[in-house]
Amino acid sequence: MKQTKTTEMLVGMFVAAGIAALFVLAMQVSNLSSFTEEGTYTITARFDNIGGLKVRSAVKAAGVLVGRVGSVDFDNDRQVAVVTLHINQRYNRFTDDTSASIFTAGLLGEQYIGLESGGSDEYLVDGSEIDEALTQSAIVLEKLISKFVMDKASGK
Amino acid sequence: MMLEWVRQLGRSGIDFFEKLGRGHLFLVKTLAGVPEVLARPRLLIAQLLSVGVLSFMLIAISGLFVGMVLALQGYNTLVDFGAEESLGVVVALSIVRELGPVVTALLFAGRAGSALTAEIGLMKATEQLSGMEMMAVDPLHRVIAPRFLAGVISMPLLAAIFSAVGIWGGYFVGVGLLGVDEGAYWSQMQDKVDFLDDILNGVIKSAVFGVVTTWIAVFEGYDTIPTSEGVSRATTRTVVHSAFAVLGLDFVLTALMFGDS
């Protein structure tokens, strides 16, 4: 009888250790704790060029992570990129003339969207759009270099 | 001479498919015995002890060292690019996606699978299984099914333990010995590791490997030629076939899970 009790004890501890390990992986290692899909609102932004922006790229305001890119699509009629942003519900005070720019983290790092509020009294709500006029595209290195070379050539 | 060779080829082909068919019938019959095992959990608990708990130390220590080595190697490469802050991501992704499930499955096949084959094979060689049948007890339900279920339950748990301990080992070496920033190690990891894409797929992988390795182990034991040589061959086959199956399936699963991104 004592034997089976020890067995049961050991098995119970083993199963608990396994589940605990899974829990640690979920909470400590993955992004499950920091950001969940619920509690967000969605806005869309149109860019002339999104560079290397991807789904799940960060959306930051003043350098703080406020949301993530939900999807990236191409607007066939207007020939621009359409990006949907899932913004955390807590950050609901972006004005409706907020500008969105694509920045690069570090010299060759990942690209993210930076939001900056304007002076309007109206706030962005679920389903709002940021027009191309208020967005700034990603800097494409090739374009920058060719512009630089052109300027040099014409300046001579 | 030529004809003899062709005949032999045909025979080994037929043997192969016969064994494949026997294996699948065996799996179906074993699964039919699973409800009976759940009704009598004592059988299952005894097997969970020998299959799962006794593999715990092996898996935990291996995971620790794999994580530590990954951190060392990763650091040496990353530091050249000034990207040693990403060490946490490198360690976590390679362990959670690949090394956790695969190495655990290989160790599991060597530690628990071979033991299962030898045990069942010897039961057959000493005619204990036939004895059970004489007493109208189905050995598939009584002997095989609990062992199979125990293996299937243990593998994902062991893989999760391996991954958690491995990441902790990487933390120990990376942050403790090599001086990577502690905040960067965890925050970059949390930023890049996705729960559904990485962790859940890793768990699915380890569950598939658990089913396959345990199936191979119990089937080889049940299908063994009941002599001491037969048992020894069956045990070897368990380890070899499990390794092939795990590595081959790993490629297929990886292509399915991570191929499109």
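Per chain, numbering begins at 1; letters A, B, ... match sequence-line order. Computation of the quantities below employed the complete heavy-atom set of this structure, encompassing side-chain atoms and omitting hydrogens, waters and symmetry-equivalent molecules.
Going from atom CG of Leu10(A) over to atom CG of Leu54(B) covers 8.0 Å, rounded to the nearest 0.5 Å. From Leu25(A), atom CG reaches atom CD1 of Ile161(B) across 10.5 Å, with rounding to the nearest 0.5 Å.
Here the shortest heavy-atom pairing between Ala160(B) and Leu22(A) reads CB-CD1, 3.7 Å. When all heavy atoms of Gln190(B) and Met27(A) are compared, the closest pair comes out as NE2-O, 4.1 Å.
Of the atoms belonging to Val203(B), it is side-chain heavy atoms, and not backbone ones, that fall under 4.5 Å from chain A. Using a 4.5 Å cut-off between heavy atoms, Ile167(B) touches chain A through its side chain atoms alone. Using a 4.5 Å cut-off between heavy atoms, Ile45(B) touches chain A through backbone and side chain atoms alike.
At most 12 non-hydrogen atoms from other residues, nucleotides or ligands lie less than 6.0 angstrom from CZ of Arg142(B). The environment of CD in Glu116(A) is sparse: at most 12 heavy-atom neighbours from other residues, nucleotides or ligands sit within 6.0 Å. Enclosure of atom CH2 in Trp186(B) by more than 12 non-hydrogen atoms of other residues, nucleotides or ligands within 6.0 angstrom is indicated. Counting non-hydrogen atoms of other residues, nucleotides and ligands closer than 6.0 Å to CG of Asp121(A) gives a total of 12 or fewer. The local environment of CZ in Phe74(A) is crowded, with over 12 non-hydrogen atoms from other residues, nucleotides or ligands closer than 6.0 Å. Heavy atoms from other residues, nucleotides or ligands lying under 6.0 Å from CD of Gln128(B) number more than 12.
Put simply, the side chain of Leu49(B) does not reach to within 4.5 Å of the side chain of Phe14(A), judged on heavy atoms.
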